[in-house]
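Model, not experiment: these values are computed from the prediction. The chain is numbered in sequence order, starting from 1.
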Amino acid sequence: MDTMRERFASVVSRLLDDDPRLAVVLAEIGKDGFTDAARAHPDRVINVGIREELLVGVGGGLALTGMRPILHTFASFLVERPFEQVKLDFGHQGVGGVLVSAAGSYDWPAGGYTHMAPGDVALLDTLDGWTIHVPGHPDEAETLLRDAVAAGDDSVYVRLSAHTNSAPRDIAPGRFLTVREGRGGVVIAVGPMLDGVLAAVEGLDVTVLYATTVRPFDGRTLRAAAGAGAAARAGAAGGVDVVLVEPYLAGTSTAAANDALADRPHRVLGLGIPRRELRRYGTIDEHLSGRGLDPASLRERISGFLR
């Protein structure tokens, strides 16, 4: 199976052939995946070198001319380092583009904390109007990438990861997918967290929703799950318990879940990457375990929260 980043390069290279409005902007990272596309479209595959602020500035400038720019590098260099340029060159100028990241929260631990961005989604969430996709499989990444490119002039962030689920799901951009139904609460698994969540809740009477688009937040599907059958009556107070399991900063979406259920008795637990930094390289699985996001730890935390 190819990786999400490999799928990104192959899909976008084909899209460049079909749509003269598209342009890819790189900052050295990922350039090898676009070698052939750069030969075919030298004016629309641009490598600015290790200059991430310029990466975003060039993308914003292309958008001002009517192009649909696709920007790619590691999340820490795409969102965190040039955040001012994202805020001004896209948001303030009123133009859109597609930001496609890699490395995520802990994908390449050997790169150290400079190459980790657990706060990227929370940071982008301070801006208005961004759609945020978090696929859990390369096939889902392709679906969401194609949707992002076709999204008119909207601003879209696609968070690719080396951490993946074993199989793709039949997702619809913008909507949560109901993977299983139960009566004892709702667990929302975001992107690559789905396999771990399903293993963690084995035997528990809970609904599992799968989120690959987290902004806008699909409050309608959450409300339907919270109101379905005995799930609406979970707990002595007749409210619903909701657990969010996200592959980035813990609590990033708790406010969105609270807003969706504002008129109903409910409790929300946000699980994800804590603010405490793990100062070891390790592996993805070791980071999951160290942050309490492995299946055994998730089961203990979820079952301890549910009423």
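- Put simply, the side chain of R175 never gets that close to the backbone of A172: no donor and acceptor are under 3.5 Å apart.
- Taking T283 as the reference, D285, E286 meet the side-chain contact (heavy atoms from CB on, under 4.5 Å) condition, with sequence neighbours excluded.
- With respect to R169 and D139, no salt bridge is recorded, no charged nitrogen being found less than 4.0 Å from a carboxylate O.
- The side-chain heavy atoms of I46 and L62, taken from C-beta on, include a pair separated by under 4.5 Å.
- Pairs of residues two or more places apart, or lying in two chains, that qualify as ring pair (Phe, Tyr, Trp, His ring centres under 6.0 Å) and include a residue from residues 143-178 are F176-F217.
- For the pair R223 and D263, the salt-bridge criterion is met [side-chain N within less than 4.0 Å of a carboxylate O].
- For the side chain to side chain contact (heavy atoms under 4.5 Å, CB included) test with P82, the passing option among E80, E84, Q85 is Q85; the others fail.
- Salt-bridge formation is not detected for the pair R14/D17: no Lys NZ or Arg NE/NH1/NH2 atom is positioned less than 4.0 Å from an Asp or Glu carboxylate oxygen.
- Remark: the S297 side chain and the D294 side chain contain an N/O donor-acceptor pair separated by less than 3.5 Å.
- Clustering of Ile, Leu, Val, Met, Phe, Trp and Tyr side chains at separations under 4.5 Å places L15 together with M4, F8, V11, V12, L16, L22, V24, L26, F34, V45, I70, V98, V100, L145, V149, V156, V158, L160.
- Residues H133 and T213 have side chains that bring a donor and an acceptor to within less than 3.5 angstrom of each other.
- Within a 6.0 Å sphere centred on CD of E181, heavy atoms belonging to other residues, nucleotides or ligands number 12 at most.
- Residues K87 and D128 are not in side-chain contact: their nearest non-hydrogen atoms beyond the backbone lie 4.5 Å or more apart.
- In this structure, P138 and E6 have side chains that are not in contact, with every pair of non-hydrogen atoms separated by 4.5 Å or more.
- The environment of OH in Y113 is crowded: more than 12 heavy-atom neighbours from other residues, nucleotides or ligands sit within 6.0 Å.
- Remark: R146 pairs with E142 by the side chain to side chain donor-acceptor pair (under 3.5 Å) rule, at least two apart or across chains.
- Separation of atoms CH2 (W130) and OG (S155) is listed at 4.0 Å; rounding is to 0.5 Å.
- Nearest heavy-atom pair, P192 versus N165, reported as atom, atom and distance to 0.1 Å: O-OD1, 3.1 Å.
- For the pair T131/R215, no side-chain contact is recorded, criterion being any heavy-atom separation below 4.5 Å from C-beta on.
- Side-chain contact check for L298 versus L293: some heavy-atom pair is nearer than 4.5 Å.
- The backbone N or O of T114 lies less than 3.5 Å from a partner atom in the side chain of S76, making a donor-acceptor pair.
- The hydrophobic cluster analysis finds I50 isolated: no Ile, Leu, Val, Met, Phe, Trp or Tyr side chain comes under 4.5 Å of it, directly or through other members.
- When the options V186, V240, T207 are evaluated for a side chain to side chain contact (heavy atoms under 4.5 Å, CB included) with L222, the one that passes is V186.
- Side chains of E246 and L271 form no contact here, defined as non-hydrogen atoms less than 4.5 Å apart.
- Within a 6.0 Å radius of CD in E202, no more than 12 heavy atoms belonging to other residues, nucleotides or ligands are found.
- Applying the salt bridge (charged side-chain N to carboxylate O under 4.0 Å, His left out) test to pairs two or more places apart or on separate chains, those with a residue in residues 103-123 are D120-R159.
- Side-chain contact annotation: E52 with T73, donor-acceptor N/O pair under 3.5 Å absent.
- Side-chain atoms of D153 and V95, non-hydrogen and from C-beta on, never get closer than 4.5 Å to each other.
- Distance check: I132 CD1 to S253 OG gives 8.0 Å after rounding to the nearest 0.5 Å.
- Residues H287 and S105 form no side-chain contact, since every pair of their non-hydrogen atoms from C-beta on lies 4.5 Å or further apart.
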Taking it one step at a time, do L198 and R180 satisfy side chain to side chain contact (heavy atoms under 4.5 Å, CB included)?
CA-CA 9 Å; L198 289 174; R180 52 171 280 191; 4.2 Å; yes
